[in-house]
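Single-structure report; data block below.
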Amino acid sequence: MTTTPDSGPRPRTSTPAARHRTRFFDHRIPSLYAGRYRIDNRQILRAVDGADRVIDATPQPFDVVQPRFSVSPAGINARFPVPDAVGTYSQTLPHLNLDAPGLPWSRRLGPDHPGDVPWMALLLFREDELPEDRDAVGAVAAGTVREYLDGQLGPGKTPVLPPESMRPDEYDEHCATVLVPAALFDAVAPLPVEMGYLAHVREGGPPDATRAGDDPEPDEKELNAVVVANRFPAATGGRHVVHLVSLEGFDAYLTAPAPSEGVRLTSLTCWTFTSEADSGIGFGDVCQNLATTDGSTPRPEAELRLRVPAAAPDRPTAPQQEALDRMAGGAVALPQRLETGERSVAFHRGPLTARPAPELPAPAATRLESPGEALIYLEKYGVFDTAYAAAFTAGRVLALADDRFRSALMAFRSAARTAVRRLAAHPEPADRALAAPPRIAPPACASFDRMLLDDDGARFTRAVDGAGPDLRAGRRRPLATGARRTPADPRALLAEPGVAEVLTRAAADEFTTVTGWLDRLRRLEMLGLEHLVPDDRALPPESIRFAYADPCWIRAAVDGALSIGVGHALDADLNALATTGGPVPACAVLLHSHLVPDWPRTIVTAYAGGTPVEPLRSAVYGTDIQLLLYPRLIDRFELAEPPRGICFGIGDVGTIELREISGDRIGHPKGEFPRPAGFGRFLRPGGRDVLNVHGSGDALVPALSAAHGVPRISSAQFALQLINAPQVQTFSRP
């Protein structure tokens with residue numbers, strides 16, 4: 001987890017919504033170690049005369065059988081890094097997960113060692129270290145156990161195992177061996193006291209399982225043994241091979257120099273992986289650079305806003321202050337050529353601002369009809385602000401370039417004009433007009449329609465009754481004596497209830513196309529990065545910037561798109577039907593960093609008042625610039641490393657996360673260790689990146705014990721501290 005001081009944006013570890021039961025136990029010591037045993041039974045009978053008679057039963061031999069010279073692949077639950085993996089693992093300690101929870105403690109390392117010391121260890125080797133496996137591909141010398149113990153599989157000291165501990169059938173078992181030179185073995189082999197810290201038992205339960213604070217009994221089906229290596233892969237990269245070896249019979253060489261010919265170890269299982277060269281910049285380093293200036297000093301709030309930095313004079317004049325204020329809001333000063341040919345300087349910006357955009361005064365019209373109307377003239381200084389004019393032009397150009405949108409907009413207006421004129425000629429309720437054909441009826445049909453509706457049909461009845469006598473007498477049809485209906489004003493009809501629905505349904509498909517396109521424009525989907533960030537200096541490489549979205553800018557762009565093909569005032573009025581679309585973004589986050597291509601699965605979470613806010617849109621420009629738009633103002637923003645299974649190691653900045661080891665908050669983070677950062681102090685000398693777990697000098701276990709204020713942490717508590725959890729960087733708005 002990255003480090004920032006208390007006064008600035010702080011990293012944090014998110015608390016998952018679902019609780020998983022993951023517990024660590026020190027070890028599982030068996031009631032009876034693997035080996036050969038004999039049951040002797042003796043009975044003593046006392047005779048009547050008081051003499052004792054001893055009766056010895058036949059001895060009953062039995063064996064406790066456990067793997068000794070190999071481990072079945074079926075008994076391996078997981079390995080990390082996974083076999084043949086390729087990645088940057090220089091900060092990770094490889095580990096192996098065994099199905100049998102008691103296997104590492106199933107036999108004694110030696111008679112002089114306590115039972116909590118495992119008999120196996122996980123050793124990591126690099127290229128050109130093993131004489132028989134220079135390429136670190138997992139090459140081994142294989143044969144029977146008898147050949148191995150007799151030294152027939154190659155040079156190197158073999159273990160001296162008590163003959164009485166060997167079952168006859170064990171000699172014919174097959175095993176794999178690896179030769180480790182003496183100097184290499186002395187450098188990488190763990191001390192017996194360290195072996196106890198490099199193995200533990202893990203229990204993992206389902207989501208929302210009983211929590212550890214309730215102290216349930218371990219679930220036997222969820223227990224696994226975990227063996228962890230004590231060495232980091234090379235920072236320079238390359239192939240690595242990991243061997244799970246048996247150190248039974250070699251315990252004397254763990255505290256004394258190995259024999260000069262080296263040791264030939266039993267390889268219970270092995271796998272290989274490739275570590276890529278570590279540039280020294282990981283997820284945590286990148287995030288920390290985004291949040292701090294030197295790894296510890298938080299970046300000023302002003303530096304995290306989307307604007308071009310400008311140096312202010314000590315005592316700025318009024319014009320200078322005006323310019324500084326506008327640039328602080330996200331505007332840039334650009335050359336401008338007026339329509340009259342004059343050249344000047346204007347302020348320009350896109351839809352994203354460093355400060356909330358001021359509300360514009362209510363205009364005389366409800367919409368913009370030309371870019372000239374959107375120009376803001378700063379009369380006092382004789383310059384323009386072209387932001388809204390540029391927005392209008394951008395929307396207009398985008399609309400002209402999209403043939404499908406143009407066609408849909410023209411078709412919608414044509415159908416809506418027909419419908420509104422029909423409504424004006426037939427001022428009946430709007431719901432009756434829904435079924436009307438979308439064309440203007442001939443005058444005779446229109447007159448007949450009106451006659452049907454007048455006086456609830458009475459006029460039609462009178463006309464039919466009087467038609468015969470009038471025709472026979474040669475009389476002409478008298479003029480209607482009722483009040484004439486005056487056709488309604490089409491533009492005035494748009495404000496009446498129900499009319500808008502009628503008009504939008506007149507060409508429903510085209511209207512859906514238009515509103516969908518405008519919604520994309522509101523989400524800034526069709527705008528290039530140059531519209532969002534007019535000056536590259538506002539978003540330099542390896543930076544994160546926060547911005548407000550200006551709804552007036554977005555509305556000006558929508559007005560520009562709807563301005564094409566407007567022939568008269570009714571067309572402009574019909575445009576208003578398409579302006580009530582989806583949500584408009586309220587704020588944005590812009591990220592210009594290697595984080596975008598190198599960690600594409602980064603978890604990005606924004607919060608408003610503690611509630612997560614889903615983005616309206618997430619887009620990537622080029623390869624390393626990401627835009628996130630949110631419908632609400634956010635007050636916290638998090639970048640989290642992609643999740644992974646439990647693994648062990650250190651963070652990118654050379655620290656581990658201290659975790660609570662007691663009470664009802666076991667596992668909760670409590671700060672970073674060590675301070676100052678730097679894990680090199682806990683490595684053995686010699687440059688082989690071997691962890692000094694509990695040896696001489698500055699060892700990790702005593703240092704962790706002191707950090708927790710306890711005499712000595714246990715192996716389970718040690719594992720808890722070394723969990724290499726995903727890293728999180730948080731940015732909070734004051």
Side-chain angles (χ1 to χ4, degrees), residues 305-306 330 348-354 356-357 360 367-368 374 387-406 408-409 412 504 509-534 538-539 544-564 575-592 596 600 602 604-608 611-634 637:
R305 296 180 181 270
L306 184 65
H348 171 70
R349 63 168 173 81
L352 305 180
T353 64
L360 297 178
R367 58 184 172 270
L368 296 173
Y388 300 125
F392 186 95
T393 302
R396 183 177 178 85
V397 170
L398 289 171
L400 290 171
D402 193 319
D403 178 68
R404 185 167 178 265
F405 172 76
R406 294 199 318 270
L409 181 60
F412 160 68
T504 56
D509 293 340
E510 289 80 2
F511 184 74
T512 300
T513 299
V514 170
T515 55
W517 191 93
L518 293 176
D519 282 344
R520 292 176 56 209
L521 180 59
R522 291 184 185 92
R523 296 191 298 266
L524 312 181
E525 290 187 19
M526 293 169 284
L527 295 173
L529 185 63
E530 67 278 3
H531 288 101
L532 308 180
V533 187
L539 187 67
I544 185 171
R545 295 294 183 263
F546 299 88
Y548 297 90
D550 183 0
C552 295
W553 197 101
I554 296 173
R555 178 59 190 270
V558 170
D559 286 348
L562 293 173
S563 69
I564 62 172
N575 284 340
L577 302 177
T579 57
T580 56
V584 174
C587 66
V589 181
L590 281 158
L591 184 63
H592 186 183
V596 177
T602 296
V604 177
T605 311
Y607 298 88
T611 303
V613 180
E614 292 296 324
L616 280 178
R617 178 184 170 222
S618 175
V620 174
Y621 294 86
T623 59
D624 56 357
I625 297 178
Q626 184 175 9
L627 168 70
L628 293 148
L629 293 174
Y630 294 96
R632 299 169 54 192
L633 287 178
I634 62 174
F637 182 78

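Hydrogens, waters and symmetry mates play no part in the numbers below; they use all other heavy atoms, side chains included.
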Can you name the nearest heavy-atom pair linking [X] to [Y], along with the distance?
| X | Y | value |
| --- | --- | --- |
| A391 | A556 | CB-CB, 3.8 Å |
| L628 | S618 | CD2-OG, 3.5 Å |
| R404 | T513 | NH1-CG2, 3.7 Å |
| L398 | L527 | CD1-CD2, 3.7 Å |
| H592 | L539 | ND1-O, 3.0 Å |
| R522 | T515 | NH1-O, 4.4 Å |

Within this structure, what is the [atom1]-[atom2] distance for the pair [X] and [Y], rounded to the nearest 0.5 Å?
| X | Y | atom1 | atom2 | answer |
| --- | --- | --- | --- | --- |
| R632 | E614 | CZ | CD | 11.5 Å |
| W553 | L524 | CH2 | CG | 7.0 Å |
| T602 | L591 | OG1 | CG | 8.5 Å |
| L521 | M526 | CG | CE | 4.5 Å |
| R396 | D559 | CZ | CG | 12.0 Å |
| L577 | F511 | CG | CZ | 6.0 Å |

SB check R523 D519 (cutoff 4.0 Å): no
Exam field: side chain S563 to backbone G560, donor-acceptor pair closer than 3.5 Å: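 Yes.
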N/O donor-acceptor pair under 3.5 Å between N575 side chain and L562 backbone: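 The answer is yes, because a donor-acceptor pair under 3.5 Å joins these two groups.
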Partners passing ring pair (Phe, Tyr, Trp, His ring centres under 6.0 Å) against F637 (at least two apart in sequence or in another chain): F546
All ring pair (Phe, Tyr, Trp, His ring centres under 6.0 Å) counterparts of F405, not counting sequence neighbours: W517
Any V589 side-chain heavy atom under 4.5 Å of I544 side chain: yes
D550 side chain reached by I554 side chain, heavy atoms, under 4.5 Å: no
Derivation and outcome, salt bridge (Lys or Arg N to Asp or Glu O under 4.0 Å), residues D402 and R406: CA-CA 6 Å; D402 193 319; R406 294 199 318 270; over 6 Å; no
Donor-acceptor side-chain pairing of Y388 and R349 below 3.5 angstrom: yes
E510: side-chain hydrogen bond (donor to acceptor under 3.5 Å, both in side chains) partners, not counting sequence neighbours: none
